[in-house]
Amino acid sequence: MSVTLILGSQWGDEGKGKIVDLLCQDADIVARYQGGANAGHTIVINGKKFVLHLIPSGILTPNVICVIGNGVVIDPVALMDEIKILEDLGIDVTGRLLISHKAHLIMPYHKMLDQVSEKSMEGKSIGTTGRGIGPSYIDKAKRCGIRIVDMLNPKGFEAKIRENLKEKNDILQKIYNFDEIDVEDVVKTYIDFDKRIDSFITDTTAYLNESIAAGMKIYAEGAQGTLLDVDHGTYPFVTSSNPTSGGACTGLGIPPTSISRIVGVVKAYTTRVGNGPFPTELKDETGEKLRSIGAEFGATTGRPRRCGWLDLIALKYSVMINGIQEIALTKVDVLDTFAEINLCTSYELNGKKLKHFPADIETLDQITPIYETVKGWNCSLAGIKSFAEMPKLALEYFEFIEKFTGARVSIVSTSPDRDDTIIR
Ligand code: GDP
Ligand code: IMO
Ligand code: MG
């Protein structure tokens, strides 16, 4: 069986794009299984930077087929923009991009509802990316969502848009005091979109399962991260899909037995964009130093990322939920100049150690993170090409993580560039 799953182990932005791009050099297929254009996956090749939002990170590798699975929510505007950017760079996606006919669409009203509802939640907002992700998944669960396959029947498609807009316009006007959306405009835009992407649409479930049976090498790419998972994350400060390993099966229509390898991408420290609990957050100079050396600004919204030490309690939880066997440890170079590095090894509440990662944010907000301090390696990791050349203290840092989580650090990344990665 031939699917390798690569997913985010923290709150997103772990460097999934870089790791997927690197590992898929020998792949046949890379398939995205959830999320939408809320994701921002950065890939740097020979100093040239690419940021992908919807299109899988395999697109920069010639001959790799990229699949957008049924679990992804697709914003036509974002997709067409991304295709155009790639084409301008000389990357033709024709014949290399396949889109599931079961994927749900993001409609203009989803983006508006996302933005107005965030604005109205004074002081309690989630800090979403405003890309319409939540409202689109709401409609999916409510069973009134509009799917790519609906575009096959233009009359029915138009009727569904009209039906949805009746309710959404009511909400926008009556609750949020917002202008109503013009039905004709929406219908026209989506019919144009249908013509442009028609050749990409297929039954990706059948395609992926047949490819698995044929022994092809497939990578499943997650967006966001485990702690943003709608079931297992820091609810309600989460995204509306399942970035965790189970989401790869539902989001692609492949069986759990087809997954043979699970790689968790882990940043050597922790970041989070948006609101919600973050036990190891540093609101001091050290946090500022991590942000500035790590260039911690969102790849999608440009927002500064909140920064803190590596949280091994959260990571161990993530390893457990996902079945992570291997860790791809990224941004290790960011710690090069720290004389001492902290790792959170327990949570305490009212003088007692917690056994498990808490389910409720009230507890998470109250716990005290307990740290173990290790010596930093205090030298540049630039140019290091093997574990043998790694400073002893860096190796000890990796070992600490391995011992605590039970997962093996099999990949270490020391710069944004594809080349600066060491595979054990
Ligand atoms: P993703 O959403 O998980 O794909 O991650 P993002 O692309 O949003 O954020 C990761 C950021 O870190 C990007 O700017 C990457 O170019 C950068 N990056 C990835 N790996 C490394 C690394 O090992 N060292 C440094 N300094 N930057 C890295
Ligand atoms: P990648 O794939 C980091 C966060 C948002 C917000 C919450 C909900 O690049 O790792 P949403 O727009 O999804 O409804 O927002 O989730 N968020 C991300 N944070 N990386 C991402 O993607 C994210 N996608 C969403 O900031 O807190
Ligand atoms: Mg990102």
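Order of appearance sets the numbers: ligands from 1, and atoms from 1 within every ligand.
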- Task: Report, in ascending order of atom number, the atoms of ligand 1 lying under 4.0 Å from any heavy atom of H41.
- Result: 1 (P), 2 (O), 4 (O), 7 (O)
- Does the side chain of H104 pick up a donor-acceptor pair with the side chain of D139 at under 3.5 Å? no
- Please identify which atoms of ligand 2 are closer than 4.0 Å to at least one heavy atom of W11. 3 (C), 19 (N)
- Message: Does any N or O of ligand 2 fall below 3.5 Å from an N or O anywhere on N38, backbone included?
- Response: yes
- Message: Any heavy-atom pair between the side chains of E348 and L354 that's under 4.5 Å?
- Response: no
- Query: Between the side chains of Q366 and Y347, does any donor sit under 3.5 Å from an acceptor?
  - Reply: no
- Query: So, does G40 sit close enough to ligand 2 that a heavy atom of it is under 4.0 Å from the ligand?
  - Reply: yes
- Query: A223 heavy atoms, cut-off 4.0 Å: which ligand 2 atoms fall inside?
  - Reply: 2 (O)
- Query: Which bit of P416 is near ligand 1, meaning a heavy atom under 4.0 Å away: side chain, backbone, both or neither?
  - Reply: both
- Note on the structure: Looking at G40, A299, G298, A268, the heavy atom closest to atom 6 (P) of ligand 1 belongs to G40
- For atom 20 (N) of ligand 2, find the nearest protein heavy atom and state the residue, atom name and distance (0.1 Å precision). D13 OD1, 3.1 Å
- Item | Any N, O or S atom of G40 closer than 2.8 Å to the Mg ion (ligand 3) | yes
- Does H41 approach ligand 2 within less than 4.0 angstrom via side chain, backbone, both or neither, non-hydrogen atoms only? side chain
- Message: Side chains of T189 and D192: any donor to acceptor distance under 3.5 Å?
- Response: no
- Query: Do K18 and T421 have side-chain atoms, one donor and one acceptor, less than 3.5 Å apart?
  - Reply: yes
- Query: Where the side chain of T405 meets the backbone of A407, is there a donor-acceptor pair that is under 3.5 Å apart?
  - Reply: yes
- Note: heavy atom closest to atom 13 (C) of ligand 1, options V265, T42, D420, belongs to T42
- Note on the structure: heavy-atom search around atom 7 (C) of ligand 2 in the protein gives V238 O, 3.9 Å
- Salt bridge between K166 and E180, side-chain N to carboxylate O under 4.0 Å? no
- Item | N/O separation below 3.5 Å, S413 to ligand 1 | yes
- What part of D333, side chain from CB on, backbone N/CA/C/O, both or neither, has a heavy atom under 4.0 Å from ligand 1? side chain
- Quick one: does R131 get a heavy atom under 4.0 Å from ligand 2? no
- Please determine if K84 and E87 form a salt bridge, counting it only when a charged side-chain N lies under 4.0 Å from a carboxylate O. no
- Please work out which of Q10, Q224, E221, E118 has its closest non-hydrogen atom nearest to atom 22 (O) of ligand 2. Q224
- Query: Would you say the side chain of L282 lies within less than 4.5 Å of the side chain of W309, judging by non-hydrogen atoms?
  - Reply: yes
- Task: Using only heavy-atom distances, determine whether the side chains of T280 and D311 contain a donor-acceptor pair under 3.5 Å.
- Result: no
- Message: Looking at ligand 1, is there an atom of it that comes within less than 4.0 Å of some heavy atom belonging to H53?
- Response: no
- Does G12 have a non-hydrogen atom less than 4.0 Å from ligand 1? no
- Query: With no hydrogens and no angle check, do the side chains of N322 and T226 hold a donor and an acceptor under 3.5 Å apart?
  - Reply: yes
- Message: Any heavy atom of F237 closer to ligand 2 than 4.0 angstrom?
- Response: no
- Query: Going by distance only, is there an N or O of G15 that falls short of 3.5 Å from an N or O of ligand 1?
  - Reply: yes
- Note on the structure: shortest atom 13 (O) of ligand 2-to-protein heavy-atom contact is with T239 OG1, 2.6 Å
- Message: Once you restrict to heavy atoms under 4.0 Å, what part of T414 touches ligand 1? Side chain, backbone, both or neither.
- Response: backbone
- Query: What residue and heavy atom of the protein are closest to atom 17 (N) of ligand 2, and at what distance?
  - Reply: L228 CD1, 3.8 Å
- Task: Please confirm whether R303 comes under 4.0 Å of ligand 2, counting heavy atoms of the residue only.
- Result: yes
- Note on the structure: When distances are taken from atom 10 (C) of ligand 1, the protein heavy atom at minimum range is D13 O, 3.8 Å
- Message: Under a 3.5 Å cutoff, is there a donor and acceptor pairing between the side chains of T42 and K49?
- Response: no
- Note on the structure: Here the atoms of ligand 1 under 4.0 Å from any heavy atom belonging to G17 are 4 (O)
- Query: Which part of K18 is near ligand 1, with near meaning a heavy atom under 4.0 Å away: side chain, backbone, both or neither?
  - Reply: side chain
- Do me a favour and list the nearest non-hydrogen protein atom to atom 27 (O) of ligand 2 with residue, atom name and distance? V273 O, 3.2 Å
- Query: For R196, does the CZ atom sit with more than 12 other heavy atoms under 6.0 Å from it, leaving out its own atoms?
  - Reply: no
- Does the side chain of K16 come under 3.5 Å of the side chain of S57 through a donor N or O and an acceptor N or O? no
- Please determine, by modelled atom types, if E372 and N342 share a side-chain donor-acceptor pair under 3.5 angstrom. no
- Item | Contact check, G127 vs ligand 2, heavy-atom distance below 4.0 Å | yes
- Does atom NZ of K289 have more than 12 heavy-atom neighbours, drawn from other residues, nucleotides or ligands, at distances under 6.0 Å? yes
- Query: What are the atoms of ligand 2, with element, lying closer than 4.0 Å to any heavy atom of A39?
  - Reply: 1 (P), 2 (O), 9 (O), 22 (O)
- Message: Tell me the nearest of K16, K331, R305 to atom 9 (O) of ligand 1, using heavy-atom distances.
- Response: R305
- Return the orientation label for the F404 and F400 ring planes: parallel under 30°, perpendicular over 60°, tilted otherwise. parallel
- Closest to the Mg ion (ligand 3), which N/O/S atom of D13 is it? OD1
- Measure centre to centre between the rings of F338 and W377, then say whether the value is under 6.0 Å. no
- Query: Just by distance, with hydrogens left out, do D420 and S415 show a side-chain donor and acceptor under 3.5 Å apart?
  - Reply: yes
- Message: Among all the protein's non-hydrogen atoms, which is closest to atom 12 (O) of ligand 2, and how far away is it?
- Response: T129 OG1, 2.6 Å
- Looking only at protein heavy atoms, which one is nearest to atom 15 (O) of ligand 2, and how far off is it? T128 CA, 3.3 Å
- Message: If the contact criterion is a heavy-atom separation under 4.0 Å, does A39 count as touching ligand 1?
- Response: no
- Query: Salt-bridged, R272 to E296, with N to O below 4.0 Å?
  - Reply: no
- Proximity flag K16 to ligand 2, non-hydrogen atoms under 4.0 Å: yes
